[in-house]
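Some notes on the structure that comes next.
Letters A, B, ... are given to chains in the order of the sequence lines, protein chains preceding strands, and every chain is numbered from 1. Source: prediction; values computed, not measured.
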Protein chains: 2
Amino acid sequence: MNIGEIAKRAGVSRSTVSYALSGKRAVSAATRRRILQVIDDVGYRPNASARALAEGRTRAIGLVIPPAGRRLTPIQLGFVADVVAAAGRRELDVLLSPSGGEHDRSFERMVRGRRVDGVILMEVRLRDARAARLRESGVPFVAIGHTADAATGYWVDLDYQGLVASCVRHLADLGHREIALINRPRELLDSGYGPARRALDGFEAAAAARSLSATASCCPDEAAAGETFIEDLLAARPGVTGLVTINEAALPGIERALRRLGRAVPRHISVTGVVGRHWAEEFHPPLTAADVPITDMAERAVELLAERLAEPGTPPRNVLLAPPISLRSSTAPPP
Amino acid sequence: MNIGEIAKRAGVSRSTVSYALSGKRAVSAATRRRILQVIDDVGYRPNASARALAEGRTRAIGLVIPPAGRRLTPIQLGFVADVVAAAGRRELDVLLSPSGGEHDRSFERMVRGRRVDGVILMEVRLRDARAARLRESGVPFVAIGHTADAATGYWVDLDYQGLVASCVRHLADLGHREIALINRPRELLDSGYGPARRALDGFEAAAAARSLSATASCCPDEAAAGETFIEDLLAARPGVTGLVTINEAALPGIERALRRLGRAVPRHISVTGVVGRHWAEEFHPPLTAADVPITDMAERAVELLAERLAEPGTPPRNVLLAPPISLRSSTAPPP
DNA sequence: GCCTGCGGTCGAATCGATTCGAAGCATCGC
DNA sequence: GCGATGCTTCGAATCGATTCGACCGCAGGC
């Protein structure tokens, strides 16, 4: 069932069918009605490949996710679903591609094979090989997180620096004097992963500004690691009364360790940070924290990409999101 | 940069380039070398749309996920990444489509627009509108879970019935006499979601066979719900010493409630069931449970689909996986 | 009454691949 | 020496859409 068949049944030429569907040229009301009727009867849909070939665009975007090996955090996973939903609203399909290691072929297929019109690149590093590849291939892309040369690209990011600084000031305002940052894994920080880097910067700057005694360390993305992290931390610095975390995967372990060590939240120790809403609410007691607005980020990323596709050549745009800190019940003045 | 340009630079016709690349006809070694050299120099890749149009297949598959609104469980999310990886190994790209409600347009685009060669359908119901739609459109698909007419389709599923029965027998063997099943949410069970249905069947049959006192109830997919579930259960039936769960999202709440109520695992109460490995290991103490083999399921689903695409008309095949129960430390004889 | 303008429609070219039939050219056997 | 054979290679048709230029008929202006 192709456009020729529709044309035949409606008694018009193929081009007329195309125009009736796209509206790019006028078609008389009677003819259009007849054509639409036939289309509806037989359930016709233009062949996506043929259309893509003729139009020179695929109406699909690529979403490059971190490789499957490394567990995706719930934030990232929710983000994928939200991107698909946002793209769907704009009649765009989403092609998924892992990146890194053995998956580079998939990335190359997508990019060089012109399978997609543009790409959303998740979890970008300050220096990022994939971003460089896209740039040199001339494929429009929007990064989640920003690269070292932030000014030249399109990106959406969270203001981790500002948010973590707000958390620190919140603790300082409550009277805390000795605090600690629970960062993402060391390898992410070392490889120049923006959020880890900037969280650290924001933490140190804000702590220094308020003259707090502060330590920052990394913790693997796992509950078990969170548990030992807390044990080690409180053994080394028993005076810590405020915790700031951007590591949501470690939260269940943090909660367990604090409970086991008899440190009640928030009576003995306050906990805050930047984590997905879901995780903030599952913590006991619910975390006072900046909720990562994944749905918002997904929507903005797709919006930026759609805009860039529609009007190539416009100067790069970017979005830095700074959601408010949701007051729940995990912070209080120190004992 | 298209095949014509490559042909010109290599001094051959376009068809020769195509044959050199596909190997579908002989090309002399010298010519092939020259062509490949040019291709390598300019970094050429065939245009996916043109190729799809000519070949009549897209080399892409669709993955229909549950709608974004309902939170994806970690099992489902890991599955998505694993499907993409498995498809990549076969040079297949993956198009994501949510289904249900407002997302049906995306589903239709994929199916009717011939964007994909075949589809993997997640979380299938016993009677499933999407499956029916695919069947009537003639699009090959593999279901995760099986529909009411299991014999006529391709599917991959977990033997929830057998696995839950094994868990029950394991508890019975240890001497437990009063047990409970923590199922997935009621609306899933009612809508004919296979795993929930079959877990219940397996639970009741095995409990009856061993003359155990058994109750089965549903629990929303949330930690908080797990907590109240346990409170209610133990209030109503304080004699329960064995729990079987297929609801991984409720596990953190189950753990918290048991701890708060002073029921040590496994000393006072044993816990087992069918959950993702990750969740089993995060539980304290680690769960003795059947680990949902998502990577395996993803691989088999893609394998089945690839096979079906390669040889249409072969009789339906299906795979029922029954992973072993991993002995960890959450079960023991009753007190 | 003729030319112009315009709404509506058609035919043909185009996008970039694959694939089929046929042609060119040695080599080989008789 | 001539036709048959086999290996390479080429040219043209094809896939199913979009889009451009042209054509046609009709109304309006002078």
Assuming nearest nucleotide by heavy-atom distance, tell me which of B:S22 and A:V27 is located more 5' along DNA chain C.
A:V27
What contact category does A:T31 fall into here, base, sugar-phosphate, or nothing, at under 4.0 angstrom with non-hydrogen atoms?
sugar-phosphate
Below 4.0 angstrom, N of the basic side chain to O of the carboxylate: do A:R308 and A:D117 qualify?
no
Ion pair check, A:R45 and B:E108, cut-off under 4.0 Å:
no
Should the side chain of A:S13 and the base of C:dG11 be counted as holding a donor-acceptor pair, with the cut-off at 3.5 Å?
no
OH/A:Y154 to CD/A:E307 distance, rounded to the nearest 0.5 angstrom?
6.0 Å
May I ask you to decide whether B:D93 forms a salt bridge with B:R59, counting only side-chain N to carboxylate O separations under 4.0 Å?
no
Using a heavy-atom cut-off of 4.0 Å across all strands, would you classify A:S15 as base, sugar-phosphate, or nothing?
base
Name the first nucleotide and the last nucleotide along DNA chain D (5' to 3') that come under 4.0 Å of a heavy atom in chain B.
D:dT8 to D:dG16
Residues passing the side chain to side chain donor-acceptor pair (under 3.5 Å) test with A:N318, sequence neighbours excluded, are none
Could you pick out which residue, B:E55 or B:Y19, lies toward the 5' side of DNA chain D when each is mapped onto its nearest nucleotide?
B:Y19
Closer to the 5' end of DNA chain C via nearest nucleotide, is it B:L53 or B:R25?
B:L53
Under 4.0 Å, counting only non-hydrogen atoms across every strand here, what does A:S18 touch: a base, just sugar-phosphate, or nothing?
base
Can you tell me how far CG of B:L305 sits from CG of B:L92, rounded to the nearest 0.5 angstrom?
7.5 Å
Length of the NZ-P vector between A:K24 and C:dC10, whole Å:
19 Å
5'-most by nearest nucleotide on DNA chain D - B:G11 or B:A54:
B:G11
Tell me whether the OP1 or OP2 atom of C:dC10 has a side-chain N or O from A:T16 closer than 4.0 Å.
yes
